[in-house]
A.B. asks: 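I am attaching a structure below and will ask some questions about it afterwards.
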Amino acid sequence: MQINDKSGVLEYKASEQRYDSMKYNRTGKSGVLLPAISLGLWHNFGFIDSIQNGREILRCAFDLGITHFDLANNYGPPYGSAEENFGTILKQDFKNYRDELFIATKAGYDMWPGPYGNLGSRKYLISSLDQSLKRMNLDYVDIFYHHRPDPNTPLEETMGALADIVRQGKALYVGISNYEPAETQKAATILKYLNVPFILHQARYSMFDRWIENGLLDTLEDNGVGCIAFSPLAQGMLTDKYLGGIPEGSRAAKNMSYLNSDTVNSNIEKIQKLNGIAQERGQKLSQMAVAWILRQPQVASVLLGASSANQLKENLKALDNLEFSSEELKMIDGIVG
């Protein structure tokens, strides 16, 4: 993505109807309302991508009521480039709308060489957020997450760093991601003691990956913390992409680390059966998969990526039918186990 490329880009003015149709959900017991669908910038916003396409996706999202944009320090590629490009687009298109936006970033995975560019030390988290703010041209983010547990750093240090980040005015709220229930409870206890607004847990959740139902959702409920779900489409398996097998050029065909052909082949029969239920509901499989997640009262939002504005619009149609009959839920449970 060439950040100085302005070709074919007209001045942006947000739609006056942007709040007319989006559903907003309270995040735990906080004052924050998130759109039922949020936009993740993990893919399609790095330096290798098109600036015009990225801007079209962001503009489309905001025009349709998506106020929450989710980033991390190492989104790209290369690392940091999604934040840098987002900062450029923010300055050009969304400067006047900053107070309508809820912007997130994270740190916890590999970012730079050496012992201070990974995991959960105070050194890493504070340094990383300082870099992120500079890349995005922001004074603060709305929420900053610790991206994954660090087995070797005391949780008190990691949570203490999050507390100081809030007190320094660099983030309004904090969250965690990929924490198991017991770790989440301990983090919540520490942050409550420190009087820090802990409002979100970002967790992987889909029909094919239901681990958060085994204690995490209850832990979040007990602590007044909301959930935002990522990978809701199971890396594309819960779409119409694999209904007829594995297409050439797809993620599964490339046997990428997070999706391989064996995984898809073992689930194709389930995918086809789930698609049948979606058709009966008048939805695409991807739309039903998003709606199914939003049935959980603890889930404030589902995090979706998009490669185009049209793809984002299609996925937003999930909100047209969020209700499930008990029979439909039983059928889905019988398929996915």
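Computed from a predicted structure; not experimentally measured.
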A.B. asks: Under 3.5 Å, is there a donor-acceptor pair between the side chain of E157 and the main chain of R122?
C.D. replies: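 Pair found, side chain donor or acceptor close to backbone of R122.
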A.B. asks: So which atom in G120 and which in L125 form the shortest heavy-atom distance, rounded to 0.1 Å?
C.D. replies: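 The pair with the smallest heavy-atom distance is O-CD1, 4.1 Å.
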A.B. asks: Quick check: closest heavy atoms across T239 and S286, and the distance to 0.1 Å?
C.D. replies: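 Shortest heavy-atom contact: CG2-CB, 4.1 Å.
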A.B. asks: Would V174 end up clustered with M136 when hydrophobic side chains under 4.5 Å apart are linked, directly or stepwise?
C.D. replies: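 In one cluster: yes.
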A.B. asks: Are the side chains of S132 and V141 in touch, meaning some heavy atoms are under 4.5 Å apart?
C.D. replies: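 No; the side chains remain at least 4.5 Å from each other.
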A.B. asks: Using modelled atom types and a 3.5 Å cut-off, is there a donor and acceptor pairing between side-chain atoms of S81 and backbone atoms of G46?
C.D. replies: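 Judged by distance alone, no pair lies under 3.5 Å.
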A.B. asks: Quick check: does any side chain N or O of T88 sit under 3.5 Å from a backbone N or O of E84, one acting as donor and the other as acceptor?
C.D. replies: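 Indeed, once roles are kept as given, a pair shorter than 3.5 Å links the two residues.
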A.B. asks: Determine, using the 4.5 Å side-chain heavy-atom cutoff (strictly less than), whether L64 and I57 are members of one ILVMFWY cluster.
C.D. replies: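 Yes; I57 is reachable from L64 via cluster members.
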A.B. asks: With S307, which residues qualify under side chain to side chain donor-acceptor pair (under 3.5 Å), at least two apart?
C.D. replies: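 Side chain to side chain donor-acceptor pair (under 3.5 Å) check on S307 returns Q311.
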A.B. asks: Applying a strict under-4.5 Å side-chain criterion to I, L, V, M, F, W and Y, I'd like to know whether Y145 and L155 cluster together.
C.D. replies: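 In one cluster: no.
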A.B. asks: Quick one: CG on L191 to OG1 on T158, what's the gap to the nearest 0.5 Å?
C.D. replies: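 Rounded to the nearest 0.5 Å, the CG-OG1 separation comes out at 10.0 Å.
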A.B. asks: Does T153 have any side chain to side chain donor-acceptor pair (under 3.5 Å) partners at least two apart in sequence or in another chain, and if so, which?
C.D. replies: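 With sequence neighbours excluded, T153 shows a side chain to side chain donor-acceptor pair (under 3.5 Å) to D150, given in chain and number order.
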A.B. asks: So does D164 pair up with K170, basic N to acidic O under 4.0 Å?
C.D. replies: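 Salt bridge flag = no for K170 with D164.
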A.B. asks: So do the side chains of K13 and N96 get within less than 4.5 Å of each other, counting heavy atoms only?
C.D. replies: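 Not touching, per the 4.5 Å side-chain cut-off.
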A.B. asks: For Y140 and G169, work out which heavy atoms get closest and say how close.
C.D. replies: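 So the minimum-distance heavy-atom pair works out to CB-O, 3.3 Å.
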A.B. asks: Per the side-chain contact (heavy atoms from CB on, under 4.5 Å) rule, which among L233, V290, I228 passes with V302?
C.D. replies: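 Result for side-chain contact (heavy atoms from CB on, under 4.5 Å) with V302: V290.
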A.B. asks: Verify whether one side chain among T263 and N260 offers a donor that lies under 3.5 Å from an acceptor in the other.
C.D. replies: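 Note: T263 and N260 side chains meet the donor-acceptor criterion.
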A.B. asks: Do R98 and F69 meet the cation-pi criteria used here (NZ or CZ under 6.0 Å from the six-membered ring centre, within 45° of the axis)?
C.D. replies: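 The answer is no, since R98 fails at least one limit relative to F69.
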A.B. asks: Check this for me, if you would: do K317 and E314 make a salt bridge, where the nitrogen-to-carboxylate-oxygen distance has to be below 4.0 angstrom?
C.D. replies: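 Salt bridge: yes.
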A.B. asks: Are side-chain heavy atoms of L294 and L319 found at a separation under 4.5 Å?
C.D. replies: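 They are in side-chain contact.
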A.B. asks: With the side chain counted from C-beta on, respond yes when Y124 and N73 share a heavy-atom pair under 4.5 Å apart, and no when they do not.
C.D. replies: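 They are in contact (side-chain heavy atoms under 4.5 Å apart), so the answer is yes.
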A.B. asks: Please round to the nearest 0.5 Å and tell me the distance separating atom CZ of F208 and atom CD1 of I271.
C.D. replies: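 One finds 5.0 Å between CZ of F208 and CD1 of I271.
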A.B. asks: Using the ring pair (Phe, Tyr, Trp, His ring centres under 6.0 Å) criterion, which residues pair with Y193? Sequence neighbours excluded.
C.D. replies: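 So Y193 forms no ring pair (Phe, Tyr, Trp, His ring centres under 6.0 Å) with any residue.
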A.B. asks: So do the side chains of T67 and L33 get within less than 4.5 Å of each other, counting heavy atoms only?
C.D. replies: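 No. Closest side-chain heavy atoms not under 4.5 Å.
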A.B. asks: Do the side chains of M207 and K270 get nearer than 4.5 Å, heavy atoms only?
C.D. replies: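 Not in contact.
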A.B. asks: Would L285 and Y242 satisfy side chain to side chain contact (heavy atoms under 4.5 Å, CB included), going step by step from the backbone distance to the final call?
C.D. replies: CA-CA 11 Å; L285 176 55; Y242 297 107; over 6 Å; no
A.B. asks: Please check if any side-chain donor atom of S231 sits under 3.5 Å from a side-chain acceptor atom of Q235, or the reverse.
C.D. replies: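 Note: S231 and Q235 side chains meet the donor-acceptor criterion.
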A.B. asks: Would you check if the side chain of R167 reaches a backbone N or O of V196 as a donor-acceptor pair within less than 3.5 Å?
C.D. replies: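 Absent.
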A.B. asks: Taking Y109 for the side chain and N74 for the main chain, is one N or O donor matched with an acceptor at less than 3.5 Å?
C.D. replies: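 Here the side-chain-to-backbone pair does not exist.
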A.B. asks: Mind listing the closest non-hydrogen atom pair of I199 and T27 along with its distance?
C.D. replies: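 Scanning both residues completely, I find the closest heavy atoms to be O-CG2, 3.1 Å.
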A.B. asks: So does Y116 have more than 12 non-hydrogen atoms from other groups sitting under 6.0 Å from OH?
C.D. replies: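 No, because the 6.0 Å sphere around OH of Y116 holds 12 heavy atoms or fewer from other groups.
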A.B. asks: What distance separates M288 CE from L322 CG, expressed to the nearest 0.5 Å?
C.D. replies: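 The CE atom of M288 sits 13.0 Å away from the CG atom of L322.
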A.B. asks: Find the distance between CG (L274) and CD (E269) and round it off to the nearest 0.5 Å.
C.D. replies: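 One gets 11.0 Å once the value is rounded to the nearest 0.5 Å.
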A.B. asks: Return yes when atom CG of D20 has more than 12 non-hydrogen atoms of other residues, nucleotides or ligands closer than 6.0 Å, and no otherwise.
C.D. replies: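 Enclosed.
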A.B. asks: Using only heavy-atom distances, determine whether the side chains of E213 and Y205 contain a donor-acceptor pair under 3.5 Å.
C.D. replies: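 Judged by distance alone, the side chains do pair up.
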A.B. asks: Where the side chain of H68 meets the backbone of A36, is there a donor-acceptor pair that is under 3.5 Å apart?
C.D. replies: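 Looks like no, no N/O pair under 3.5 Å.
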A.B. asks: So F94 and I103, do their side chains get closer than 4.5 Å, heavy atoms only?
C.D. replies: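 Sidechains of F94 and I103: no contact.
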A.B. asks: We want to know whether S301 and S38 form a side-chain donor-acceptor pair, criterion being a heavy-atom distance below 3.5 angstrom.
C.D. replies: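 Yes, side-chain donor-acceptor contact under 3.5 Å.
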A.B. asks: Return the minimal non-hydrogen interatomic distance between K106 and L71, and the atom names on each side.
C.D. replies: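 Closest pair (atom of K106, atom of L71, distance): NZ-O, 2.8 Å.
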A.B. asks: Identify the heavy atoms of N321 and A291 that sit nearest to each other, and give their distance.
C.D. replies: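 Heavy atoms only, the tightest pair is O-CB, 3.5 Å.
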A.B. asks: Side chains of Q168 and D130: does their closest heavy-atom pair fall under 4.5 Å?
C.D. replies: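 Side-chain contact under 4.5 Å: no.
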A.B. asks: Tell me if a side-chain donor or acceptor on D70 pairs with a main-chain N or O of G40 at a distance below 3.5 Å.
C.D. replies: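 No, because the side chain of D70 does not come within donor-acceptor range (under 3.5 Å) of the backbone of G40.
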A.B. asks: In terms of ring plane angle, is the pair F102 and Y173 parallel, tilted or perpendicular, where the classes change at 30° and 60°?
C.D. replies: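 Ring orientation, 0 to 90° scale: tilted.
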A.B. asks: Rounded to the nearest 0.5 Å, how far does CZ of F198 lie from NZ of K192?
C.D. replies: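 K192 atom NZ to F198 atom CZ measures 12.5 Å (nearest 0.5 Å).
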A.B. asks: Verify, without hydrogens or angle tests, whether E183 (side chain) and E180 (backbone) share a donor-acceptor contact under 3.5 angstrom.
C.D. replies: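 It does hold such a pair.
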A.B. asks: Report yes or no: do L172 and I126 belong to one cluster of Ile/Leu/Val/Met/Phe/Trp/Tyr joined by side chain heavy-atom distances under 4.5 Å?
C.D. replies: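 No, separate clusters.
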A.B. asks: Verify the distance criterion only: is there a donor paired with an acceptor across the side chains of N85 and Y75 at less than 3.5 Å?
C.D. replies: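 Distance-only check fails for N85 and Y75.
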A.B. asks: Working to the nearest 0.5 angstrom, can you tell me the gap between M331 CE and L329 CG?
C.D. replies: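 Between M331 CE and L329 CG, I get 10.5 Å after rounding to 0.5 Å.
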A.B. asks: Which one of H147, R148, H201 satisfies the side-chain contact (heavy atoms from CB on, under 4.5 Å) criterion with I176?
C.D. replies: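 Single pass found, and it is H201.
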A.B. asks: Pair T189, Q185 - check side chain to side chain donor-acceptor pair (under 3.5 Å), show working.
C.D. replies: CA-CA 6 Å; T189 300; Q185 180 58 61; 3.2 Å; yes
A.B. asks: Hydrophobic clustering (ILVMFWY, side-chain heavy atoms < 4.5 Å, transitive) - are I143 and L304 grouped together?
C.D. replies: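 No; tracing contacts between hydrophobic side chains, which count when under 4.5 Å, never links both residues.
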A.B. asks: The test is side chain to side chain contact (heavy atoms under 4.5 Å, CB included); show your working for F324 and W292 and say whether it passes.
C.D. replies: CA-CA 8 Å; F324 287 84; W292 180 87; 3.8 Å; yes
A.B. asks: Checking Q131 against S127: is there a side-chain donor and acceptor pair closer than 3.5 Å?
C.D. replies: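 No.
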A.B. asks: Quick check: are there more than 12 heavy atoms from other residues, nucleotides or ligands sitting under 6.0 Å from CD of E280?
C.D. replies: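 Counting neighbours around CD of E280, 12 or fewer heavy atoms of other residues, nucleotides or ligands fall under 6.0 Å, so no.
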A.B. asks: Give a yes or no on whether a salt bridge exists between D333 and R210, defined as a side-chain N under 4.0 angstrom from a carboxylate O.
C.D. replies: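 Salt bridge between D333 and R210, a charged N being under 4.0 Å from a carboxylate O: yes.
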A.B. asks: Under a 3.5 Å distance rule, please check whether W211 uses its side chain to pair with a backbone N or O of R204 as donor and acceptor.
C.D. replies: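 At least one qualifying donor-acceptor pair exists.
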A.B. asks: Could you go step by step and tell me if I212 and L220 meet the side chain to side chain contact (heavy atoms under 4.5 Å, CB included) rule?
C.D. replies: CA-CA 10 Å; I212 72 171; L220 298 180; over 6 Å; no
